[in-house]
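Quick note: numbers below take in every heavy atom, side chains included, and nothing from hydrogens, waters or symmetry partners.
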Amino acid sequence: MYRSRHRITRKSKLKPLCLALLLAMHAQAHGRQKEADDSGPKEETVLPATKVTARHGKEEAKDVPFGLSVLDGLEMESRRLYNLELALRSIPGVDINSWGGAGDSNIRIRGVGSLYQVSMDDSSVVLNVDGVSMSGRYASMAALDVERVEVLKGPQGTLFGRSSGAGAINVVTNKPTRHFEGHVQAEYGQDHQRMEEAVLSGPLSEQLSARFAIRESGTDNWITNLEDGKPLSKPHGLEFRGSLLWEPAAGTSALLTAERQDKREIAPAMVIRPYGGDPAVMQTSGLADGNKQALERYSLEVSHDLADSRVTSITAMTRMDTHIDKTFDKLVMLALYGMPMERLATDKSNEDVVSQEFRWQSLPGAEVFWVTGMNFFHSDRSLDSADKMAGTFNHDFKTDSYALYGEATYPLTARLKATAGLRYTWDHKTYDATYDDIATGQSKDRRHIDEGHATGRAGLSYAVTPQTNLYGTLAIGSKPGGFNDYAYSVSDSEPYKASRIYMGELGFKSELLDGNLSLNGALFFSKVRDDHLLSYDYQTMATRAVGVETRSRGVELEGRWNVNRRWSLGAAVSYLDAEITSDALGVSGGDVASGNRVPDVPRWSGNLNVRYQRNLPVFLGFSAPSLDAQLNYRLIGKRPADPQNHFDLDSYGKLDLRVSIINRDIELYVWGDNLLDDRYDLYGYYFTPTVQVGMPSRGRSVGAGLKWYL
């Protein structure tokens, strides 16, 4: 894709600043290359094919034999997609339910995903950050200094393992560079929205490079607390990542990464629907002041090239610590019970994960693609809940998972290739709990499960031309069984079963016009056995998992066209027919009937992106100004709020705009978010025929920013 900004290096006198910011680094500034005047003759531009690591090895996106969507970091930046949830909401066929808490994102890809999540492990989408597996429920984490985000659709259990039955989110961050580059950025907008960011990267020696990125951000919550007339909270966050890359010889490298993300004043909310012009709750002032979540990742990736293959080791540790005070606010309790009281509860959770992966694979560009490996995963997690009306409940979960896997793509003819992959995973899980119920007293519970499951895929791809591939894939995925996070009694903690996902897909991928036009499409069908519904009693807060079957089918089409040096267009459309195919009795809110639609999944959704770039005449002291304007429109159709299909969440259209003036190393920009002021639902929940709650999105907001390239 043509871009108005090209990175080069040049000498400067920034050495003292860089020494102070990054490990005594020798510094050079990173500038911009002035574009040729549009009035001059147009040069022929051949763009490189999109490269991805969707199968752990670098290859062209059109050669990957399953559906995937790619957002590169520059596009995410220009569209202000500063966290993964915002980025995923822009992808066709991806739907997210989120209520503002910590680790509560429920991602569905092509209509497949947990109907209601009953544990942190109850996710059908895995989040993979630089080769390190994390729960898809952390989709609200910041997208800091990201090179690209790959959304892999359909079961990815062969290479990405546990909890990837619906797909995988593969996040690739920017690595240390052998040239000096960096930037400083700040922006401010309505509702006290602010963001400050700095990135610096470059060599420390002949063999060692480093990169450091940091971002601080904050805003006022758009929901008002009627108790004091102020915003419900003022959420803010601090994220940073540091990495060292050692390259002692060609084909040998070691990458050490450490990062931490802190979020404060997180405010889960239940707002009575309809929301009205000013969404509001009524609860104790400052309840969210102590809410926090911290995520940490430490990883070491060592890679060495042999004569015709590559060996890789990824050793990682991740940590999570969360404290959330939450409430059924006075308005909800008044509607349910006729009394304006609060029901307060506190959740404290932490998790320590250690993982080790060894891979042996073909080199990029090899005639035969192959990868094989083994993986070990250990998780030690706790969740303690205190409810003033119910009691105190302590839960401890341990998981040990071992896996062997392999996948290969073999050319049968000059144009026809076959792909086959298989993974076997064995899980051992233990559960220890103490229930201190106000009504029944204290009881203890200890359980364990052992399960093994095989996942894999097989497919064929055919190169119609060197630029266009057709493919067909069959895949089997799995979501592990486990224990209910919110069990308040022994009867609540009955383990839920593992889910099985079966998927078939036919599609095509094209990169035409010297890479200036890309077009991808797919037809797909999925069936899920033993997906999970959450049975929840709002009077006792008792929960249990109920297994049901679902199926989804649909079609996707997306493309990108760089029309000329000024205009580029991107568009995507998705049609999804996702329904529950078995009855579920005894679910809170009413029985679920076969034929009901899967919640949160619209039949139609689409995205349109228009970008305009051009050089401008000299003005206001700008010696080489250029314009970069980007308009994005996201349309989501009506979708059911719950499995009973009690009510629908309205369709919406979200229109965003960013316009910037770039002059060499300086970029000034203004932005408008949700310009149509369409306050769509982030989730919906049914209590009674007259009481439904949800969480509305932020309305219209505008702001401005400045970015300086070093």
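E197 meets the salt bridge (charged side-chain N to carboxylate O under 4.0 Å, His left out) test with R215; sequence neighbours excluded. Here R260 pairs with F240, D262, A294, E296 under the side chain to side chain contact (heavy atoms under 4.5 Å, CB included) rule; sequence neighbours left out.
A donor-acceptor contact under 3.5 angstrom links the side chains of S299 and R297, judged on distance only. For the residue pair Y82/E239, the side-chain donor-acceptor check at 3.5 Å is not satisfied. A donor-acceptor contact closer than 3.5 angstrom is absent between the side chains of N516 and R560. Looking at H453 and T425, their side chains never bring a donor and an acceptor atom within 3.5 Å of each other. The closest side-chain donor-acceptor pair between E511 and S518, if any, does not fall under 3.5 angstrom. Side-chain contact, S243 with T257: no donor N or O sits under 3.5 Å from an acceptor N or O. Using modelled atom types, one finds no donor on one side chain facing an acceptor on the other under 3.5 Å when comparing E558 with N520. With no hydrogens or angles considered, no side-chain donor-acceptor pair links E301 and S253 at under 3.5 Å. In summary, the side chains of D400 and H428 do not present any donor paired with an acceptor at a separation below 3.5 Å, with no hydrogens or angles considered. Under 3.5 Å, the side chains of S382 and N350 contain a donor-acceptor pair of N or O atoms. Side-chain atoms of S140 and K263 form a donor-acceptor pair, as typed in the model, at a separation below 3.5 Å. For the residue pair S201/T177, the side-chain donor-acceptor check at 3.5 Å is satisfied. At a cut-off of 3.5 Å, with distance as the only test, no side-chain donor of W561 or S568 sits close to an acceptor on the other residue. Side-chain N/O atoms of T399 and S379 include no donor and acceptor closer than 3.5 Å.
A salt bridge links R211 with E181: the distance from a Lys NZ or Arg NE/NH1/NH2 to an Asp or Glu carboxylate oxygen falls below 4.0 Å. Taking 4.0 Å as the cut-off between side-chain N and carboxylate O, D130 and K175 count as a salt-bridged pair. The residues R79 and E77 are annotated as not salt-bridged, no charged nitrogen and carboxylate oxygen being separated by less than 4.0 angstrom. Contact check on K417 versus D63 returns no salt bridge, with no Lys/Arg side-chain nitrogen under 4.0 Å from an Asp/Glu carboxylate oxygen.
Checked against the 6.0 Å centroid criterion, the rings of F369 and H56 do not qualify as a close aromatic pair.
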Given side chain to side chain contact (heavy atoms under 4.5 Å, CB included), test V151 with L68 step by step and report yes or no. CA-CA 5 Å; V151 179; L68 78 160; over 6 Å; no
Does S114 form a side-chain hydrogen bond (donor to acceptor under 3.5 Å, both in side chains) with K479? I'd like the steps, not just the answer. CA-CA 9 Å; S114 296; K479 177 172 60 175; 2.7 Å; yes
For R178 and S209, what are the C-alpha separation, side-chain angles and deciding distance, and is it a side-chain hydrogen bond (donor to acceptor under 3.5 Å, both in side chains)? CA-CA 6 Å; R178 295 303 301 167; S209 303; 2.7 Å; yes
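A donor-acceptor pair under 3.5 Å is absent between the side-chain atoms of E147 and the main chain of G73, judged by distance alone. The backbone N or O of V464 lies less than 3.5 Å from no partner atom in the side chain of T468, so there is not a single donor-acceptor pair. Using modelled atom types, one side-chain atom of S90 and one backbone atom of A87 make a donor-acceptor pair closer than 3.5 Å. At least one donor-acceptor pair under 3.5 Å links the side chain of S205 to the backbone N or O of L208. A side-chain donor-acceptor contact under 3.5 Å links S119 to the backbone of D121. Distance alone, capped at 3.5 Å, is enough to place a donor-acceptor pair between the T473 side chain and the P65 backbone.
Using cut-offs of 30° and 60° for the angle between ring planes, the Y431 and F483 rings count as parallel.
Counted within 6.0 Å of CH2 on W370, heavy atoms from surrounding residues, nucleotides or ligands total more than 12; the atom is thus considered enclosed. No more than 12 heavy-atom neighbours from other residues, nucleotides or ligands sit within 6.0 angstrom of CZ on R319. In F376, the CZ atom is crowded: over 12 heavy atoms of neighbouring residues, nucleotides or ligands sit closer than 6.0 Å.
Cation-pi contact between R241 and F212: absent, since separation from the ring centre below 6.0 Å together with deviation from the ring axis within 45° is not met. Seen from the ring of Y471, K509 counts as a face-on cation partner, given the 6.0 Å and 45° thresholds.
Annotation: side chain to side chain donor-acceptor pair (under 3.5 Å) contacts involving residues 148-160, sequence neighbours excluded, comprise T53-R148, S69-K153, R148-E150, E150-N170, K153-E556, Q156-R457.
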